[in-house]
Amino acid sequence: MPHITLEYSANLEEPLDIAALCVVLRDAAVATGVFPAAGIRVRAFAATHAVVADGDPAHGFVDIAVRIGAGRDMATQSRAADEIFGAARDYTADYMARAPFMLSLDLREAVAETSRKDSSIRRFLPPELH
């Protein structure tokens, strides 16, 4: 982990390179030093139907959900959220300066008792990415 999920208004397909934003967020998660690269997953989904604020179709949003494994203290979680959100803000700053746009991030810790995982990916990555 983390699993980073972007939900974004479909009107952002043209003005923002969402695939590049996914890479930016992955890189930011790695740069925190909190998360092993092998556990990071970033995915994005366009909201084809959305109403933002007063309903003007020019309004756009990116909502980032970061789900992490249990066990990190609140200071570490807050720092990681700040760093990932900062990377998203930097990436979207030019667009936000010229268009109506909302950016949000929420980091949530998975509940260890109900979280299940299985993976073979580490077998296929260099040891430094574990």
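Every residue meeting the side-chain contact (heavy atoms from CB on, under 4.5 Å) condition with Ala70, not counting sequence neighbours, appears here in chain and number order: Glu109, Ala112. Partners of Tyr91 by side-chain hydrogen bond (donor to acceptor under 3.5 Å, both in side chains), not counting sequence neighbours: none found.
When atom types are taken as modelled, the side chain of Ser115 and the backbone of Val111 share no donor-acceptor pair closer than 3.5 angstrom. For Asp106 (side chain) and Ile64 (main-chain N/O), no donor-acceptor pair under 3.5 Å exists by modelled atom type. Side-chain atoms of Arg122 never come within 3.5 Å of backbone atoms of Ser120 as a donor-acceptor pair (strictly under, hydrogens ignored). Not a single donor-acceptor pair under 3.5 Å links the side chain of Arg41 to the backbone N or O of Ala38. Of the possible donor and acceptor atoms, none in the side chain of Arg89 sits under 3.5 Å from a partner among the backbone N and O of Ile84. With hydrogens and angles ignored, the 3.5 Å screen pairs a side-chain donor or acceptor of Ser9 with a backbone N or O of Phe61.
Between Leu16 and Tyr8, the closest side-chain pair of non-hydrogen atoms is not below 4.5 Å. By the 4.5 Å heavy-atom criterion applied to side chains, Ile4 and Arg26 are not counted as neighbours. Considering only heavy atoms from C-beta on, Asp63 stays 4.5 Å or farther from Leu6 through its side chain. A 4.5 Å side-chain heavy-atom check between Arg108 and Val66 finds every atom pair outside the cut-off.
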Test side-chain hydrogen bond (donor to acceptor under 3.5 Å, both in side chains) on His59 and Asn11; report intermediate values, then the result.
CA-CA 8 Å; His59 298 332; Asn11 64 343; over 6 Å; no
Please evaluate residues Ile68 and His3 with respect to the criterion side-chain contact (heavy atoms from CB on, under 4.5 Å), reporting the C-alpha separation (whole Å), side-chain torsions for both, the decisive distance (0.1 Å), and the verdict.
CA-CA 7 Å; Ile68 66 169; His3 292 235; over 6 Å; no
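Leu103 and Ile18 fall within a single hydrophobic cluster, where Ile, Leu, Val, Met, Phe, Trp and Tyr side chains are chained together by heavy-atom contacts under 4.5 Å.
The structure places OG of Ser119 at 9.5 Å from CZ of Phe124, a figure rounded to the nearest 0.5 Å. Taking OG1 of Thr32 as the reference point, atom CZ of Arg72 lies at 8.0 Å (rounded to 0.5 Å).
Put simply, the residue from Asp27, Leu25, Val30 that forms a side-chain contact (heavy atoms from CB on, under 4.5 Å) with Ile40 is Val30.
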